[in-house]
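Throughout, numbering of the chain's residues begins at 1 and tracks the sequence.
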Amino acid sequence: MLRKLLAGLAIAVIATSIVVAWLSPDGLEAASWVAAVVGAAAIVAAIVGWARRPPALGVSTPEQVEAAQQLLADRVLRQWEEEAKLRGLFSPDPLSVRWRLGEPGLMDHARHITTGERLHFTGAADQVGEMVTALRGLRRPRLVVLGEAGTGKTTLALLLLRRLLLDREPGEPVPVLLTLSGWERSGEQFPGWLTRRLARDYPELRTEEFGPTAVKDLVEGGRVLPVLDGLDELLVHERNLVVRALNTTLTDRDGFVLTCRTSEFRETVKEQGAHVLSAAAVIEPEELGPGEVVSYLASCLPPDPGGSWPELLRRLGDPDDVLYGSVDTALTVWLVRVGYVDPGEDPARLLELPDARAVRLHLLDHAVPALLATDPAPGPFRSRRAWPVRRVLRWLALLAAFLSVWESRDLAWWKLHDLVPRRRVAAGLGLASGLLAAVAAGAGWWAAGGGPGSSIAVSTGLGLLVGAASGVALSRERGTVSLDDAGDILEFEDYDDFEVGDLRSGLLGNAARAFAAWAALGTFGGVGIWAGGLLGGWLGGAALMSLADAMAFASAFCLPILLAVPLAMAFLLWLYRVSVLLRPAASYRGQGLLTLALAVLFAAACAIAGWLGALFFLSDLDATPRAAAGGAVGGIVVTVMAAAVFAFANVAWPAFTVTCALLALSRRLPWRLMAFLSDMHRVGLLRQTGRLYQFRHAALQDRLAEP
């Protein structure tokens, strides 16, 4: 009650002061000055009150951590069920690949893995519930899934993840599928890397609803079961680091599921000196028998398929035939299905091939045309557009070759600017920023009373200045940070070090430092300009400038530059905290909206600079306001150029857009690249892992990347 009375009294005093000032001899001018002072005091009081608010709790409560875990389980299940549908895993059923324990030399002692007398771990992909039961029966939920290319390792990991989520019991950890790319180069401990990945890939977990440490508590409390895909995609020494890190950083309650090719895993744990993974069961696929392959293909076909199908199925099961064993992995079965079964195409071409290798190569080459052959139509597994097959092959070959050069399987849209020489991208970004600055500055000059000729001159001059400065600066640095990776801009070593309260303290601290710097630079800079004018006048050169005019010029020049410091910090902190959608297309659209917002601010600053410039050159202002206008013009121009470089260097969308335009003009990639990638995912040529795309199989990428 007392606070309300005090607030009402303060409002009454302020209103009375403004009315009295208005009725004074100076009238409206005095009232405006009183209102300005009161407004400034209110703003300062609001900032101080905001900063003095009690900070967020130091740790998340158990209820918040439990709610965060449930949200994570729901998000992961929804994400990967959609992906499983796109991969056709449930139509009609998963291929019955059987799994058994791996060779003893690749696995820890049985007594460390199981509580029983003997270690048993067998199952089939179409009966994944039995494998989940076996995983839960281990002393620790640790499983290594081995197999050569195309044997269904990632598919099994996805099926295990889905079944674990569907049958999850209270207190069980949430399985999360992650690719290992990036950890081996980060130098982080595994728990820290896992915490950072969860915070980045599932940004809802770091909202204030779940407290400041929910993600960290999920990892440290053993509430997350990482499903790590692609150990074999790393270099030898990187694989060694990963295996050793898992053995040295996990506790006795931590588990994982890890996929790797058999030969690379054997090389890591035997030949390179890394120890076997502690307490982890190791399984490998059994060879697909011809009977299982024929039975699965027959189940996908109509009861009476006709055409060459009976002959092909017979030859695939005949040990004396050259086609025997040509379809013997999950990959080749999938290729037969998408190339011939699903489109209803007669497989007569397969009967003409001379051997198993020719069959495999033909199936890889036939996959892209077969998946694109169906006309676009509404549906979850159809392309929305009619893409020319020849061009699609060329576009996919370029992307596959790009990934092969970088020794990566992850297709990140914000890294595709590496397909174009840096100078060309920088020139495009400089041209865009220069054009925007030119139009806005010319409009501001014209709005302040400038004529058409002078407006064009100002527009051209500022556009060339901003464009050239941006292009030169960006020739060394381009936008490489996705909105998903905005935390990298801040260079936080660990997500643990960042809490909700840091938003307020960081912004207030930078604002205070910027204000102190502005006061110091305005004072000393003004004195320096004034002293320089005195020296110039004494030497018979420059005209004298009064101390008041010099300080007005210096203060106005420094103000835009230093105002940008806390604003930039606030922008970075918001960027780090913003909720980012997981899908690549949504991430791309989010960056586009962010770029549009920055462009509006950029254009507004250029327009204000043009308007102030017109006042400086064309109006009859007094000496001090005229000096302030001139200084503000210079400060805004410098700030605008720095802001353009900052934005283009830390937001990936502009560089990606310029790259797409350059590649489309040379017909190396389509104009609507994100729509193309989305369609390739819909038809099954690409798979989605969080915000990244990958080729459906590594063998498909390698085949497309061949000259």
Which atoms form the tightest heavy-atom contact between [X] and [Y], and what is the distance?
| X | Y | value |
| --- | --- | --- |
| Ser433 | Gly467 | OG-CA, 4.1 Å |
| Arg239 | Thr268 | NE-OG1, 2.9 Å |
| Ser678 | Tyr693 | CA-OH, 3.6 Å |
| Ala655 | Thr659 | O-OG1, 2.8 Å |
| Ala358 | Leu353 | O-CD1, 3.8 Å |
| Ala367 | Leu335 | CB-CD2, 3.8 Å |

Side chain [X], main chain [Y], donor-acceptor under 3.5 Å:
| X | Y | answer |
| --- | --- | --- |
| Thr657 | Trp653 | yes |
| Arg197 | Thr179 | yes |
| His366 | Gly339 | yes |
| Lys153 | Glu148 | yes |

Query raised in the report: Checking side-chain contact (heavy atoms from CB on, under 4.5 Å) for the pair Asp679/Phe676: CA distance, chi angles, key distance, verdict?
Result: CA-CA 5 Å; Asp679 274 1; Phe676 170 72; 5.8 Å; no
Check whether any side-chain heavy atom of [X] sits under 4.5 Å from a side-chain heavy atom of [Y], and report yes or no.
| X | Y | answer |
| --- | --- | --- |
| Leu665 | Trp671 | yes |
| Leu194 | Leu178 | yes |
| Pro670 | Leu673 | yes |
| Gln79 | Leu177 | no |
| Trp334 | Arg696 | yes |
| Leu677 | Tyr588 | no |

[X] [atom1] to [Y] [atom2] distance, which is reported to the nearest 0.5 Å:
| X | Y | atom1 | atom2 | result |
| --- | --- | --- | --- | --- |
| Gln694 | Asp229 | CD | CG | 7.0 Å |
| Leu372 | Leu685 | CG | CG | 6.0 Å |
| Leu464 | Thr460 | CG | OG1 | 6.5 Å |
| Leu399 | Leu416 | CG | CG | 6.5 Å |
| Leu161 | Glu81 | CG | CD | 10.0 Å |
| Arg390 | Leu393 | CZ | CG | 8.5 Å |

**Report entry** Leu419 vs Leu669, side-chain contact (heavy atoms from CB on, under 4.5 Å): CA-CA, chis, key distance, verdict
**Finding:** CA-CA 11 Å; Leu419 284 165; Leu669 283 177; 4.1 Å; yes
Anything under 3.5 Å between a donor and an acceptor, one on a side chain of residues 631-638, the other on a protein residue two or more places apart or in another chain? List them.
none

Requested in this report: Check the surroundings of atom CH2 in Trp395: do more than 12 heavy atoms from other residues, nucleotides or ligands lie under 6.0 Å from it?
Outcome: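 Yes, CH2 of Trp395 has more than 12 neighbouring heavy atoms, counting only those of other groups under 6.0 Å.
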Query raised in the report: Taking atom CZ of Arg394 as the centre, does the number of heavy atoms from other residues, nucleotides or ligands within less than 6.0 Å exceed 12?
Result: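 Result for CZ/Arg394: enclosed.
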**Report entry** ring pair (Phe, Tyr, Trp, His ring centres under 6.0 Å) involving Phe695 - partner list, sequence neighbours excluded
**Finding:**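 None.
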Query - Partner residues of Ala427 under the side chain to side chain contact (heavy atoms under 4.5 Å, CB included) criterion, sequence neighbours left out - result: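 In terms of side chain to side chain contact (heavy atoms under 4.5 Å, CB included), with neighbours along the sequence ignored, Ala427 is linked to no residue.
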Can you list the residues that meet the side chain to side chain donor-acceptor pair (under 3.5 Å) rule with [X], with sequence neighbours excluded?
| X | answer |
| --- | --- |
| His697 | none |
| Arg349 | Glu352 |
| Ser459 | none |

Requested in this report: Using a strict 4.0 Å threshold on nitrogen-to-oxygen distance, state whether Arg703 and Glu706 make a salt bridge.
Outcome: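 Between Glu706 and Arg703 there is a salt bridge, with a charged N closer than 4.0 Å to a carboxylate O.
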**Report entry** Full working for side-chain contact (heavy atoms from CB on, under 4.5 Å) between Leu350 and His362
**Finding:** CA-CA 8 Å; Leu350 293 176; His362 168 76; 3.5 Å; yes
Requested in this report: May I have the step-by-step check of side-chain contact (heavy atoms from CB on, under 4.5 Å) for Thr595 and Phe656, ending in yes or no?
Outcome: CA-CA 12 Å; Thr595 303; Phe656 173 79; over 6 Å; no
